[in-house]
Each structure stands twice: as C-alpha cells, then as structure tokens.
Asker: 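One structure follows; several queries about it will come next.
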Amino acid sequence: MKIGILTLGCPKNVADMENFKGILVRRGHQIVKDALIADLIVIDTCGFIEEAKKESIEEILNFCSLKEENPALKIIATGCLVQRYFNDLKAEIPELDGLIGVTSPMKLADLLERGTFFYFKQPVGVYDYIARESSSTYAYVKIGDGCDRNCAFCSIPSFKGRSKSRKMEDIVSEVQDLISSGTKEIILVSQDNTQYGKDFYGKQALPDLLGKLDDLKDGFWLRVMYLHPDHLSEEIIDAMASAKNVVKYFDIPVQSGSNKILKAMGRSKNREELVALFEKIRAKIPDAVLRTTIMIGFPGETLETFRETLNFIKEIRFNKLGGFVYSPEEGTPAHGEKITISKEKAQEFLEELLDEQDRISHELNQRFLKRKLKVLIEEKSGDFLIGRSWHFSPEIDGNVYIKGECRPGEFVEALITEVYENDLEGIVNEYT
C-alpha cells in the first residue's frame with residue numbers, strides 16, 4: 001500500500017510514528033507525502049487540551065475533503081483523540097474510514113493490513129522495538145507511556161492508562177541503531193521520565209538507563225525531557241550530571257509558582273521546595289539549563305497568584321520557559337471548578353510572563369557572546385546554517401544561525417557574535 005502519515009501532538013507521537021513507518025517499510029509498503037496518490041492516510045491525533053483537539057479535528061476534515069479528488073482514499077484517525085472520543089468521532093465524522101485508539105506501532109500495522117479499521121481497546125502505549133525511520137539529526141525515543149500522577153488539570157491518565165515502561169534492553173537496541181545510522185541526538189520522552197522503571201525494576205531506573213546509553217558511544221547528545229518536579233530525585237540529578245553524553249538540560253514543568261495554585265493542582269512540592277530543587281541543580285551543575293512550563297488561569301487563579309508565579313520566575317531565572325492558558329478538560333478533578341479569571345485575562349497574564357522570560361533569557365544568553373560553542377547543524381537557509389548547541393532542545397527552543405560552510409548533520413565549533421532572547425548568531429570556527 002501507499003500510505004501517508006500525519007503526526008500531530010507531542011514528541012511521544014513522533015516516536016510512535018517513526019517506529020510505525022519503519023515497520024511499514026520493512027513489510028514492503030511505501031510511505032508517500034502526496035495524499036492524492038495514497039491508498040490510505042493515517043492521522044495520529046492529540047487529545048490533551050482544547051487547542052490540540054481542534055487542530056486534530058481540522059486536519060481530519062481537511063484530509064477527508066481530499067476524497068473529492070481521490071475517491072478511493074481511506075482516512076484513518078488513530079491515537080489519543082480517538083482513544084478519548086471514539087464514539088463521538090464515529091458519530092460526528094462519518095467521512096472517516098477508520099478509528100483506531102492508542103495502540104502499538106506493530107498492532108497498528110497489523111490492523112491496517114487486515115482491513116480492521118475500527119479498533120478500541122485498553123490503551124497500549126509501549127512496544128517492542130522492531131525498526132524505525134529517522135532521517136533527522138535528532139530522534140525522540142519513547143521510554144514509557146501512561147501516567148500514575150494525579151495532577152488535577154491533566155486528562156492524560158484517562159486515555160493513556162497507568163504508567164508503563166519499556167524494557168531497558170529494548171530502548172538500548174533502538175538507540176544503538178539510531179546512532180549507528182548517524183543520528184547525533186537522542187531525546188528520551190515519556191509522560192514523566194522520573195516514573196521510568198518503577199513497574200519493571202521496582203525503583204526509579206532512569207539513572208541505570210542513562211548509564212547504559214552513555215556507554216554506547218562517545219560524541220552524541222543524550223537529552224532527557226519531562227521530569228516531574230515532585231519526583232525528581234537526587235540520584236537522577238547526579239546521573240545526569242556525571243554522564244558524559246547527557247546534556248545538562250533539565251526540563252521540569254512546575255506549572256505555577258503560587259502555593260495556593262500548586263496545592264489546588266495536586267502538586268506535592270510547594271514554592272519553597274521548588275526553589276530549593278532548582279538551587280540544588282545549579283549548585284551541582286553551574287551551567288545547567290533549566291526549562292519549565294507554566295499554566296495560567298487554573299481555577300483559583302487571581303492577580304495575586306499570578307504575581308506570585310511571576311516573582312517565582314524572576315527568582316529562579318529559568319533559561320527557557322513555555323506557557324499556556326488552562327483548558328478545562330472533562331474527566332479531570334478540576335473540571336467543573338469555578339474559573340476565576342477569563343481566558344482573555346489569562347492570555348494577558350501569560351503574555352506578561354513570557355515578556356519577562358524573554359528579558360531573562362536575553363540576559364542569560366549574554367554569557368555566550370564571544371564564546372565558542374559546539375553546534376549541531378540541521379539545515380541551510382539562505383546565507384545561514386541553522387543548528388543548535390546543547391542548550392537548545394529542538395522545536396521548543398531557539399536556534400543558532402551561523403555563517404560559514406558545513407554539511408547538515410555535522411558538528412561545528414561556532415564563535416557566537418550576537419545574542420537574542422531565544423536565538424544566537426555566529427560564524428563557523430572549525431569542524432569538530
């Protein structure tokens with residue numbers, strides 16, 4: 001079959017679909033980008049918050065409209081939105097030829113080959129490694145899925161199920177294949193990487209996994225995303241600090257800096273404990289990059305709680321920060337709680353917060369001026385090479401724009417000549 005694939009949502013979906021593509025190619029199918037020559041389109045959806053759900057539905061409808069030009073085209077939606085709203089989608093979008101909930105890449109391939117286009121069972125978020133496609137300089141590798149946390153705003157446990165880890169040797173095999181094929185950066189993802197291994201090994205096994213991956217080869221970057229602050233242990237911090245290939249980049253979504261809001265969200269650590277956690281990381285690793293995510297507008301939010309969060313941001317001085325406005329989600333503990341500020345006001349608060357973060361990021365980026373950085377080149381655009389130093393995670397952070405000659409997929413040493421809120425500029429100093 002000629003199969004087109006659209007991946008929406010988070011990097012965990014990207015990891016799933018890269019494995020799915022690898023399985024399809026191994027079985028003799030052809031992955032195509034042009035929907036008008038495809039036999040079948042698979043859309044991997046997101047069902048996390050309202051904006052992501054809207055995007056998934058819009059894309060489904062857009063692809064269904066292509067049947068006017070390609071009447072034989074079949075459109076299959078899969079993933080989180082389907083798992084969460086299977087019956088609603090089946091009733092409201094009859095143009096869809098299939099709905100398949102959260103399942104493994106192998107199972108998804110089996111179902112499509114059998115022509116079983118409607119499938120809804122308990123979610124299966126992890127899988128055994130068979131093969132994967134990856135032509136990028138970096139690759140997301142999923143180490144687990146599902147979640148055992150009880151954050152009041154989060155719907156993920158309702159459609160992803162409880163936390164489940166992949167076997168360590170399976171992850172190692174996938175990473176080994178990726179770096180052997182030239183991938184320069186491996187990014188470990190799950191709903192919360194601090195949960196890794198508790199089901200298989202009876203403990204937080206992320207330090208053990210990092211040790212095994214660190215021994216595979218010198219010279220690649222290993223990045224760890226999604227570390228829940230309530231469960232980030234000293235052992236994990238020490239493992240990240242000591243591993244030679246692990247970049248010292250800590251992605252720790254705190255969601256708020258107000259004790260009142262943190263408690264309402266069901267978070268364990270209060271503001272003071274969070275401050276102590278970040279101080280500990282910076283004491284152990286002075287050049288560590290700290291990244292967080294903030295939610296504005298959770299029930300109970302007021303001007304006072306927002307100011308507390310803003311002051312928290314100023315105190316910690318995160319290197320990177322992402323933010324979003326709270327979306328009430330059915331099935332969560334907070335659903336139905338009184339909204340205390342409007343979406344418009346929440347958006348104003350968010351913009352103020354992000355403006356402050358831009359100022360902080362620009363100040364912190366000054367340390368790179370006139371310094372040499374190792375940069376992974378990813379593409380060329382006009383007169384510039386575009387890449388990243390280890391301080392920048394792909395897709396969510398900035399870039400390093402460099403003048404000079406180099407091939408995409410190579411590391412270079414760059415002298416930084418300009419700094420901005422999110423990006424850097426420089427010139428090629430030499431190959432590394």
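Residue numbers run from 1 in the order of the sequence given.
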Asker: Taking C-beta and beyond as the side chain, do I377 and V375 meet within less than 4.5 Å on heavy atoms?
Answerer: yes
Asker: Evaluate N270 against N259 for side chain to side chain donor-acceptor pair (under 3.5 Å), listing each step before the verdict.
Answerer: CA-CA 6 Å; N270 61 29; N259 281 338; 4.9 Å; no
Asker: Do T183 and F220 come close enough that some side-chain heavy atom pair is under 4.5 Å?
Answerer: no
Asker: Could you give the distance from CG (L73) to CD1 (I41), rounded to the nearest 0.5 Å?
Answerer: 5.5 Å
Asker: Does either side chain, that of T45 or that of R84, offer a donor lying less than 3.5 Å from an acceptor on the other one?
Answerer: no
Asker: Just checking, is any N or O donor in the side chain of E329 or S327 under 3.5 Å from an acceptor N or O on the other one?
Answerer: yes
Asker: Can you tell me if CZ on R26 sees more than 12 non-hydrogen neighbours from other groups inside 6.0 Å?
Answerer: no
Asker: Do E234 and K284 pass the salt bridge (charged side-chain N to carboxylate O under 4.0 Å, His left out) test, and can you show the C-alpha distance, the side-chain angles, and the key distance before you say yes or no?
Answerer: CA-CA 10 Å; E234 193 156 356; K284 287 178 178 284; 3.3 Å; yes
Asker: Tell me, with the steps shown, if L188 and L210 meet side chain to side chain contact (heavy atoms under 4.5 Å, CB included).
Answerer: CA-CA 10 Å; L188 303 183; L210 293 179; 3.9 Å; yes
Asker: Within a radius of less than 6.0 Å around CD of E68, do more than 12 heavy atoms belonging to other residues, nucleotides or ligands occur?
Answerer: no
Asker: In terms of side-chain heavy atoms, does S258 have a donor or acceptor partner in E308 at a distance below 3.5 Å?
Answerer: yes
Asker: Taking atom NZ of K67 as the centre, does the number of heavy atoms from other residues, nucleotides or ligands within less than 6.0 Å exceed 12?
Answerer: yes
Asker: Locate the shortest heavy-atom distance separating N19 from R132; write the atom from each residue and the value.
Answerer: CA-CB, 3.8 Å
Asker: Quick one: which of I186, L222, L209 gives a side chain to side chain contact (heavy atoms under 4.5 Å, CB included) with V175?
Answerer: I186
Asker: Output, in order, the C-alpha distance, side-chain angles, deciding distance and verdict of side chain to side chain contact (heavy atoms under 4.5 Å, CB included) for F120 and L99.
Answerer: CA-CA 8 Å; F120 182 77; L99 292 163; over 6 Å; no
Asker: Rounded to the nearest 0.5 Å, what separates atom CG in L373 from atom CD1 in I416?
Answerer: 4.5 Å
Asker: More than 12 heavy atoms of other residues, nucleotides or ligands under 6.0 Å from CG of N150: yes or no?
Answerer: no
Asker: Report yes if some heavy atom in the side chain of V224 is under 4.5 Å from a heavy atom in the side chain of I236; otherwise report no.
Answerer: no
Asker: Does K198 reach the side chain of S163, with side-chain heavy atoms less than 4.5 Å apart?
Answerer: no
Asker: What is the minimum heavy-atom distance between K142 and G125, and which atoms define it?
Answerer: NZ-O, 2.6 Å
Asker: Nearest heavy-atom pair of A152 and A264: which atoms, and what distance?
Answerer: CB-O, 3.6 Å
Asker: To the nearest 0.5 Å, what is the distance between CD1 (I237) and CG (L206)?
Answerer: 11.5 Å
Asker: Closer than 4.0 angstrom, basic N to acidic O: yes or no for K53 and E50?
Answerer: yes
Asker: Would you give the length of the straight line joining atom CG of D358 to atom CG of L353, rounded to the nearest 0.5 angstrom?
Answerer: 10.0 Å
Asker: Mind running side chain to side chain donor-acceptor pair (under 3.5 Å) on Q195 and H228 for me, showing each step along the way?
Answerer: CA-CA 9 Å; Q195 296 179 113; H228 196 301; over 6 Å; no
Asker: Any side-chain heavy atom of L8 sitting closer than 4.5 Å to one from I43?
Answerer: yes
Asker: Count the heavy atoms of every other residue, nucleotide or ligand shown that sit under 6.0 Å from CD of E304, and state whether that count exceeds 12.
Answerer: no
Asker: Walk me through it: do D145 and K12 pass the test salt bridge (charged side-chain N to carboxylate O under 4.0 Å, His left out)?
Answerer: CA-CA 8 Å; D145 212 343; K12 294 174 286 295; over 6 Å; no
Asker: Determine whether the side chains of S165 and D199 contain a donor N or O and an acceptor N or O closer than 3.5 Å.
Answerer: yes
Asker: Is the cationic atom of K167 (NZ for Lys, CZ for Arg) positioned less than 6.0 Å from the six-membered ring centroid of Y129 and within 45 degrees of its normal?
Answerer: no
Asker: Salt bridge (charged side-chain N to carboxylate O under 4.0 Å, His left out) between K280 and D238: does it pass, once the steps are laid out?
Answerer: CA-CA 11 Å; K280 178 186 293 185; D238 288 341; over 6 Å; no
Asker: For P229 versus P253, what's the shortest heavy-atom pair and its separation?
Answerer: CD-O, 3.5 Å
Asker: Above 12 or not: heavy atoms from other molecules or residues under 6.0 Å from NZ of K164?
Answerer: no
Asker: If you compare all heavy atoms of A346 against all heavy atoms of V325, which two are closest, and at what distance to 0.1 Å?
Answerer: CB-CG1, 3.8 Å
Asker: For the residue pair R223 and Y249, would you count it as a cation-pi contact if the rule is NZ or CZ under 6.0 angstrom from the ring centre and within 45 degrees of the ring axis?
Answerer: yes
Asker: Run the salt-bridge test on K248 and D287 with the 4.0 Å N-O cut-off and return the result as yes or no.
Answerer: no
Asker: Measure from NZ or CZ of R114 to the centre of the six-membered ring of Y119, then state whether that distance is under 6.0 Å and the direction lies within 45° of the axis.
Answerer: no
Asker: Run Q191 and R149 through side chain to side chain contact (heavy atoms under 4.5 Å, CB included) and show every step you take.
Answerer: CA-CA 10 Å; Q191 300 300 336; R149 310 305 183 206; over 6 Å; no
Asker: To the nearest 0.5 Å, what is the distance between OG1 (T302) and NZ (K260)?
Answerer: 5.0 Å
Asker: Is the Lys NZ or Arg CZ of K90 less than 6.0 Å from the centre of F118's six-membered ring, within 45° of the axis?
Answerer: yes
Asker: Surrounding CZ of R162 (heavy atoms of other residues, nucleotides or ligands, distance under 6.0 Å), is the total greater than 12?
Answerer: no
Asker: With salt bridge (charged side-chain N to carboxylate O under 4.0 Å, His left out) as the test, would you mind laying out the steps for E174 and R166 before giving the verdict?
Answerer: CA-CA 11 Å; E174 184 172 356; R166 289 178 62 196; 2.7 Å; yes
Asker: Is any side-chain heavy atom of P328 closer than 4.5 Å to one of H335?
Answerer: yes
Asker: Does atom CD of E395 have more than 12 heavy-atom neighbours from other groups under 6.0 Å away?
Answerer: yes
Asker: State, with a plain yes or no, whether a side-chain heavy atom of I57 is found less than 4.5 Å away from one of Y85.
Answerer: no
Asker: Anything under 30° is parallel, anything over 60° is perpendicular, the rest tilted; go ahead and classify Y196 against Y201.
Answerer: tilted
Asker: Restricting to non-hydrogen atoms, name the atom on I341 and the atom on E301 that form the minimum distance, rounded to 0.1 Å.
Answerer: CG2-O, 3.4 Å
Asker: Pair N193, S190 - check side chain to side chain donor-acceptor pair (under 3.5 Å), show working.
Answerer: CA-CA 6 Å; N193 281 333; S190 67; 2.6 Å; yes
Asker: Just do the side chain to side chain contact (heavy atoms under 4.5 Å, CB included) check on C64 and I60 with the steps written out, would you?
Answerer: CA-CA 6 Å; C64 285; I60 288 170; 4.2 Å; yes
Asker: Does either side chain, that of E378 or that of N399, offer a donor lying less than 3.5 Å from an acceptor on the other one?
Answerer: no
Asker: Hey, does L112 have a side-chain heavy atom less than 4.5 Å from the side chain of I100?
Answerer: yes
Asker: Indicate, with yes or no, if the rings of F250 and F278 have centres closer together than 6.0 Å.
Answerer: no
Asker: Let me confirm one number: the CD1-OH distance from I143 to Y226, rounded to the nearest 0.5 Å.
Answerer: 11.5 Å
